[in-house]
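Report on the structure given below.
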Amino acid sequence: MVIFGATGDLTAKKILPAIDGLRASGALPEPFAVIGMARRPQEEFPHPILYAQGDFDEDLGYERLSAILAAVDEKWGRKSNRIYFLATQPKYFSTIVEQLDKHGLIYSADGSQWSRVMIEKPFGNDLESALELQREIKEHLDESQIYLIDHYLGKEGVQNLVDFRMNGEFESIWNHAFVENVEIILSEEIGVGTRGKFWEETGMLRDVVQNHVMQLLSLVAMDVGDDIPAEKIKAVEAIRPVESMHRGQYGPGAINGSPVLGYREEAGVPKDSNVETFVAGELYVDNERWQGVPFYIQAGKRLGKQLTEIVVTFKSGEILHIRIQPKPAIYFEEQTEMHFEKPRFSDGYQKLIYDALQGNQDSFVQNEEQIASWRLLTPILDSWKEKQDIPIYPAGALNELDPRLSTLPL
């Protein structure tokens, strides 16, 4: 495995610990080597793995990487399969893939050896940029070699949701004849902290709704079949176009009794920022299964609870909770919760890396799915460009996690 962006926080906090966990559990193939590549000198990378220093857009680093890979193959006495993990800024995605291909480091998709590329989000920042990035990457990679990451798909709670749907026990009532509405809530107590500059370039719709929320919605709304990625794509493509959503931005307030700054007071945030930290909306999946059933979505920072949950209200009055985090669970109100097999991997990145090693794309985002999501949400981003004023909500004040009750104007 070659990790681009090896000196970054994601590598140190998530990727390397996940690899260590897989090795400790015996889930890695043997032999297995890890190579880091980044721009910093090797002495600034204190991990006991191979390292190739170089700029992502210059040949020298890839020549060093090629030499290391050749040495590994010579040591093992055979050609190695390769996973390239792109834990870099998105602006380098297409450049890295192009350089890998240029230096002969990507195997043909129909050869006896395989190359796979894991790419962190965000994949574009609107429909046009996502289409362009997809076009650039597909010049060098086959669809079967592309593994787009949404780390939510590796979480235990999401795996419980997939198991629940695939079990099929509730399929006969999982439709518009029995379901009144579906709520998808992603509520965070935390603010943007030191990521103000990053948040100014993204916002809640891009950073959370376009990926995490849409992934949860597609898993709830999809038809059950052998090809989960294909069924998720159908569900997203069936969502009715929407022109507007509620949005808001947190102001000063209190979380758990302690005062906190407003968004515009955070480091790196302009005093007149109109970037959203809260989004709520109503979506409809226009297919036979869900015709007329509202899907209420809500995602925000500095809200009154730390919670990611799907709430399905049935016409019978029964309410099913599918909690993703904290403490994953699926239960009907006032009834015993359902139990699932403990997942093999407790860490989401362990699962994603393991699945990529196995060539299993079920827990990854498909290109068509990304494009369908951007096609739905880009008009909302465009409409917000024309609105300079944004409603302000006090941090910690939105305790009623129900977008139907939101007082924020569109």
Side-chain angles (χ1 to χ4, degrees), residues 90 120-127 129-130 148-153 155 157-158 161 181-188 190-192 195 198-222 232-233 235-250 263 274-285 294-303 305-311 322 324-325 365-366 369-385 387 390-391 393 398 401-404 406 408 410:
E120 274 286 347
K121 75 174 183 71
F123 195 81
N125 55 40
D126 58 14
L127 177 59
S129 62
L148 301 180
I149 295 171
D150 182 336
H151 70 266
Y152 254 59
L153 295 179
K155 288 182 176 291
V158 174
L161 169 60
N181 62 68
V182 178
E183 298 177 61
I184 299 174
I185 299 159
L186 201 156
S187 168
E188 297 180 283
I190 62 172
V192 299
R195 302 171 72 223
F198 164 80
W199 200 260
E200 279 294 297
E201 298 172 356
T202 53
M204 182 59 67
L205 195 75
R206 287 187 175 99
D207 190 61
V208 173
V209 175
Q210 189 273 332
N211 38 73
H212 303 336
V213 173
M214 296 303 295
Q215 287 298 314
L216 295 178
L217 189 152
S218 66
L219 288 170
V220 171
M222 71 177 184
K232 288 170 62 188
I233 290 169
V236 177
E237 290 180 337
I239 298 174
R240 185 186 306 171
V242 58
E243 296 181 356
S244 61
M245 286 189 182
H246 295 279
R247 66 171 180 160
Q249 183 187 97
Y250 68 83
Y263 175 72
N274 68 341
V275 173
E276 80 285 354
T277 61
F278 172 90
V279 174
E282 184 175 335
L283 302 177
Y284 289 86
V285 181
F295 283 71
Y296 300 109
I297 65 171
Q298 179 169 282
K301 289 187 174 293
R302 288 298 192 207
L303 301 184
K305 295 180 181 178
Q306 189 75 23
L307 180 71
T308 301
E309 187 166 275
I310 299 157
V311 182
I322 305 172
I324 307 302
Q325 62 183 19
V365 184
Q366 303 303 298
E369 196 177 356
Q370 281 275 359
I371 297 307
S373 178
W374 279 123
R375 187 175 290 117
L376 177 75
L377 298 177
T378 296
I380 298 169
L381 291 168
D382 291 340
S383 72
W384 287 348
K385 291 177 183 177
K387 299 178 181 180
I390 186 169
Y393 60 94
L398 292 180
L401 299 178
D402 188 338
R404 292 169 294 181
S406 175
L408 294 173
L410 289 173

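Fair warning: this is a prediction, and the values are worked out from it, not measured in the lab.
Residues L219 and M222 are in side-chain contact: their nearest non-hydrogen atoms beyond the backbone lie under 4.5 Å apart. Taking 4.5 Å as the limit, every side-chain heavy atom of N125 sits out of range of all side-chain heavy atoms of T202. Proximity of L303 to F278: side-chain heavy atoms (C-beta onward) are separated by under 4.5 Å at one or more points. Looking at heavy atoms from C-beta onward, L283 lies in side-chain contact with M245 at the 4.5 angstrom threshold. Using a 4.5 Å cut-off on side-chain heavy atoms (C-beta onward), T308 and L216 make contact.
Here the closest heavy-atom approach between residue P379 and residue W374 is recorded as CD-O, 4.4 Å. Of all heavy-atom pairs spanning I149 and E120, the tightest one is CG2-OE2, 3.8 Å. Of all non-hydrogen atoms in K155 and I324, the two that sit nearest each other are CD-CG2, 4.3 Å. Minimum heavy-atom separation, H246 to W384: O-CZ2, 4.2 Å. Summarising the geometry of Y393 relative to R302, their closest heavy-atom pair is CE1-O, 3.9 Å, with the distance given to 0.1 Å. Between K301 and I190, the closest heavy-atom pair is CB-O, 3.3 Å.
A donor-acceptor pair under 3.5 Å is absent between the side-chain atoms of S218 and the main chain of V236, judged by distance alone. Here the side chain of Q210 pairs no donor or acceptor atom with the backbone of S373 at under 3.5 angstrom. A donor-acceptor contact shorter than 3.5 Å links the side chain of K121 to the backbone of D207. Between the side chain of E276 and the main chain of M204, a donor-acceptor pair closer than 3.5 Å is present. Judged by distance alone, the side chain of S187 and the main-chain N or O of K305 form a donor-acceptor pair under 3.5 Å. N211 places no side-chain N or O within donor-acceptor distance of the main-chain N or O of P122, the cut-off being under 3.5 Å.
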side-chain contact (heavy atoms from CB on, under 4.5 Å) between F295 and I310, intermediate numbers included
CA-CA 10 Å; F295 283 71; I310 299 157; over 6 Å; no
Between F123 and V365, does a side-chain contact (heavy atoms from CB on, under 4.5 Å) hold up when you go through it step by step?
CA-CA 10 Å; F123 195 81; V365 184; over 6 Å; no
For I239 and L217, run side-chain contact (heavy atoms from CB on, under 4.5 Å): C-alpha distance rounded to whole Å, both residues' side-chain angles, the deciding distance at 0.1 Å, then the answer.
CA-CA 10 Å; I239 298 174; L217 189 152; 3.8 Å; yes
Where do V158 and H151 land on the side-chain contact (heavy atoms from CB on, under 4.5 Å) test, with the steps shown first?
CA-CA 10 Å; V158 174; H151 70 266; over 6 Å; no
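Rounding to the nearest 0.5 Å places CZ of R375 at 7.0 Å from CD of E237. In this structure, CD on E201 lies 11.0 Å from CZ on R195, to the nearest 0.5 angstrom. For the atom pair CG of L153 and NE2 of H212, the computed distance is 9.5 Å after rounding to the nearest 0.5 Å. Separating the CD atom in Q249 from the CH2 atom in W199 is a distance of 11.5 Å, to the nearest 0.5 Å. Atom CG of residue L307 and atom CD of residue E188 lie 11.0 Å apart, to the nearest 0.5 angstrom.
Classification of R206 and D126 as a salt-bridged pair fails, no side-chain N sitting under 4.0 Å from a carboxylate O.
E200 and Y263 share a side-chain donor-acceptor pair at under 3.5 Å. Side chain to side chain, Q215 and E369 meet the donor-acceptor criterion of an N or O pair below 3.5 Å.
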